[in-house]
Amino acid sequence: MDFQLPEDLRGVQATIREFMLGRVEARAHDIEATNRIPPELMAEAAALGLFGLSIPEEYGGVGLGMLGRCAAYEALGHGHMGFGGVISAHASIGTSGLVKLGTDEQKARFLPRMAAGECIAGFAITEPSSGSDAANIRTKAEKRGDVYVLNGTKHYISNAPIAGLLTVIAVTDASRGTKGMSAFLVEPQGTPGVSIGKIDEKMGQKGALSAEVIFDDAEVPAANLLGPEHLGYREALGILTSGRVGIAARSTGAMQRLLDLSVAHAKTREQFGQPIAAFQAVQFMLAEMEIAVQTSRVLWQKVAWMVDHGEDVRRMASVAKYHATEMLSQVADKAVQVAGGMGYMKDSPVERFYRDQRLLRIYEGTSEIQKVIIAGDLLR
Ligand SMILES: Cc1cc2nc3c(=O)[nH]c(=O)nc-3n(C[C@H](O)[C@H](O)[C@H](O)COP(=O)(O)OP(=O)(O)OC[C@H]3O[C@@H](n4cnc5c(N)ncnc54)[C@H](O)[C@@H]3O)c2cc1C
């Protein structure tokens with residue numbers, strides 16, 4: 001066993017961390033104020049290859065395996081979580097279906113522009129009446145000649161307002177139950193009948209825009225069917241499994257940042273004539289944060305390794321996502337406590353992380369759903 005990340009991946013991490021802590025954090029106030037990512041940051045991210053993390057080199061991407069991608073996601077976690085959210089929704093769930101199931105023609109059509117950051121991607125399964133119960137979606141795709149006609153509404157879809165491509169899951173044969181679902185590559189900006197609803201007003205993760213996607217007799221070319229017709233729920237959800245490992249890695253990066261901020265603050269803030277780091281109550285909070293970082297890191301590394309070795313990670317991806325996101329909530333809470341009143345102030349990154357991290361226990365499967373998956377697998 002070797003617990004050291006390869007040197008090239010440590011280099012990737014250092015570059016992304018520097019970008020997040022420098023360029024992105026410098027614009028955090030703008031992102032919070034405008035709820036938009038400045039275009040120059042998107043361009044810099046593209047130049048760094050962040051939009052092509054999961055795209056093979058032959059299509060202009062960086063072509064990292066899961067270990068490399070998650071190492072990048074951990075580094076991404078150090079900075080503004082809304083910015084990180086845009087990149088990760090694109091590079092993980094937005095891209096992985098196409099890379100895994102796409103034909104050569106489909107890949108050649110979309111992946112080079114996606115890798116260059118010219119076509120932002122997203123993934124749409126959730127509907128107003130089916131969130132955790134994603135097997136119950138109602139959006140229908142009916143084959144008529146050489147098109148599929150889509151009708152239905154997706155909501156809370158990350159990146160939808162800026163997306164050039166969405167992987168959309170719809171029912172193609174209701175009589176087959178969960179085996180009657182298919183995946184489609186939908187270009188929301190150029191397909192008549194597809195519209196994007198009002199941008200969601202969220203608690204945090206500013207700049208990471210999500211919205212409804214409405215299909216009203218939207219005609220999607222049959223050539224945009226991704227994978228086989230009636231791909232099935234399990235396969236469609238497989239796209240999310242890889243995303244879960246990535247979220248565990250991002251959470252670990254966020255925890256590391258919060259721990260670093262807390263250690264620095266504890267050493268410099270003085271009360272009762274000494275640094276607050278001298279108080280055991282504060283030391284214990286720091287120690288608990290470190291335990292959370294270390295256990296979460298080992299877990300995502302193990303699951304990423306399993307993916308790269310072709311192992312089934314359904315259970316373990318849920319273990320890693322559950323652990324890291326639950327730990328992150330505890331770490332964010334402790335970081336506010338160590339910072340005291342300052343941690344409650346808008347100009348503190350700790351306040352921002354406290355709001356932003358909450359989403360990670362909800363999307364790509366809530367914590368409860370991760371436990372349903374883990375228990376279901378144990379009892380199978
Ligand atoms: C900002 C944001 C971005 C998102 N981005 C995307 C995206 O890009 N693409 C996409 O498809 N979706 C996206 N989602 C949707 C997200 O995946 C769902 O919100 C999530 O799966 C939960 O569904 P729900 O909100 O309908 O909650 P519900 O399913 O209604 O759950 C409510 C509560 O009930 C619990 N619960 C439900 N069923 C069970 C059960 N069987 N056992 C125990 N507890 C249960 C849940 O854990 C939760 O605590 C996003 C959501 C948000 C908020």
Side-chain angles (χ1 to χ4, degrees), residues 31 35 37 80-98 120-139 150 152-171 178 181-186 188 194 196-215 226 233 235-244 246-247 250-251 317-318 321-322 325-326 329 355-379:
I31 299 173
N35 197 23
I37 308 294
H80 193 280
M81 290 189 80
F83 181 81
V86 173
I87 305 283
S88 69
H90 166 94
S92 70
I93 55 175
T95 303
S96 56
L98 175 54
I120 303 296
F123 176 82
I125 188 165
T126 304
E127 300 180 1
S129 60
S130 55
S132 298
D133 186 11
N136 207 19
I137 56 167
R138 293 180 188 166
T139 297
L150 269 66
T153 299
K154 302 288 180 186
H155 81 161
Y156 301 159
I157 304 307
S158 299
N159 287 347
I162 58 167
L165 184 71
L166 292 174
T167 300
V168 177
I169 309 300
V171 176
T178 57
M181 287 181 194
S182 304
F184 296 91
L185 298 168
V186 178
V194 181
I196 305 298
K198 191 168 118 4
I199 291 172
D200 299 323
E201 287 183 27
K202 310 196 306 304
M203 176 196 294
Q205 297 220 5
K206 302 291 180 198
L209 306 182
S210 62
E212 264 188 348
V213 184
I214 302 130
F215 301 94
L226 181 61
Y233 177 68
E235 275 295 310
L237 266 275
I239 295 170
L240 290 180
T241 305
S242 62
R244 288 180 182 143
I247 289 188
R250 267 176 75 209
S251 301
S318 289
K321 193 219 176 215
Y322 175 86
T325 57
E326 290 287 327
S329 279
R355 281 183 288 113
D356 288 353
Q357 57 79 28
R358 190 61 183 82
L359 177 59
L360 276 60
R361 282 162 58 199
I362 296 171
Y363 70 3
E364 296 192 35
T366 64
S367 288
E368 292 71 32
I369 292 304
Q370 304 312 322
K371 288 200 266 194
V372 168
I373 293 169
I374 295 163
D377 197 57
L378 285 171
L379 299 171

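Values below: every heavy atom of this structure, side chains too, minus hydrogens, waters and symmetry copies. Each ligand, and each atom within it, is numbered from 1 in the order the structure gives. Bear in mind the structure is a predicted one, so any value in this text is a computation, not a measurement. Throughout, residue positions are numbered sequentially from 1 according to the sequence presented.
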Protein residue, atom and distance nearest to [atom], heavy-atom basis:
atom	answer
atom 24 (P) of ligand 1	G131 CA, 3.9 Å
atom 39 (C) of ligand 1	I369 CD1, 3.9 Å
atom 12 (N) of ligand 1	T126 OG1, 2.7 Å
atom 22 (C) of ligand 1	T366 CG2, 3.8 Å
atom 42 (N) of ligand 1	V372 CG2, 3.9 Å
atom 52 (C) of ligand 1	L359 CD1, 3.7 Å
atom 29 (O) of ligand 1	S132 OG, 2.6 Å

Does an N or O anywhere in [X] fall below 3.5 Å from an N or O of ligand 1?
X	answer
I93	no
Y363	no
S158	yes
Y156	yes
F123	yes
D133	no

* Asked: Given the protein's heavy atoms, is any one of them under 4.0 Å from atom 20 (C) of ligand 1?
  ->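 When distances to the protein are checked, atom 20 (C) of ligand 1 has a heavy atom within 4.0 Å.
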* **Heavy-atom protein contact below 4.0 Å for atom 47 (O) of ligand 1** =>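 It does; a protein heavy atom is within 4.0 Å.
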* **Of Q370, K321, R361, the residue whose pairing with E326 passes side-chain contact (heavy atoms from CB on, under 4.5 Å)** =>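 Among Q370, K321, R361, the one meeting side-chain contact (heavy atoms from CB on, under 4.5 Å) with E326 is R361.
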* Asked: Taking L166 as the fixed residue, which of N159, I157, V194, L185 is the one that meets the side-chain contact (heavy atoms from CB on, under 4.5 Å) rule?
  ->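 Filter result, single survivor: I157.
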* **Element-labelled atoms of ligand 1 that are located less than 4.0 Å from some non-hydrogen atom of E364** =>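 Near E364, meaning under 4.0 Å from one of its heavy atoms, ligand 1 has 17 (O).
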* Should you measure from each heavy atom of I157, which atoms of ligand 1 turn up under 4.0 Å away? ->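 Those of ligand 1 that fall under 4.0 Å from I157 are 7 (C), 8 (O), 9 (N), 10 (C), 11 (O).
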* To do: Check whether the side chains of S132 and E368 place a donor and an acceptor atom closer than 3.5 Å, and report yes or no.
  =>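 No - no donor-acceptor pair under 3.5 Å links their side chains.
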* May I ask you to check whether Q357 and S251 show a side-chain donor-acceptor distance below 3.5 Å? =>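 Short answer, no.
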* Out of E368, Q370, K202, whose heavy atom is nearest to atom 49 (O) of ligand 1? ->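 The option holding the nearest heavy atom is E368.
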* Asked: Taking only residues two or more places apart in sequence or in another chain, which ones pass side chain to side chain contact (heavy atoms under 4.5 Å, CB included) with E127?
  ->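 Expected list: S130, I137, R138, T139, K154.
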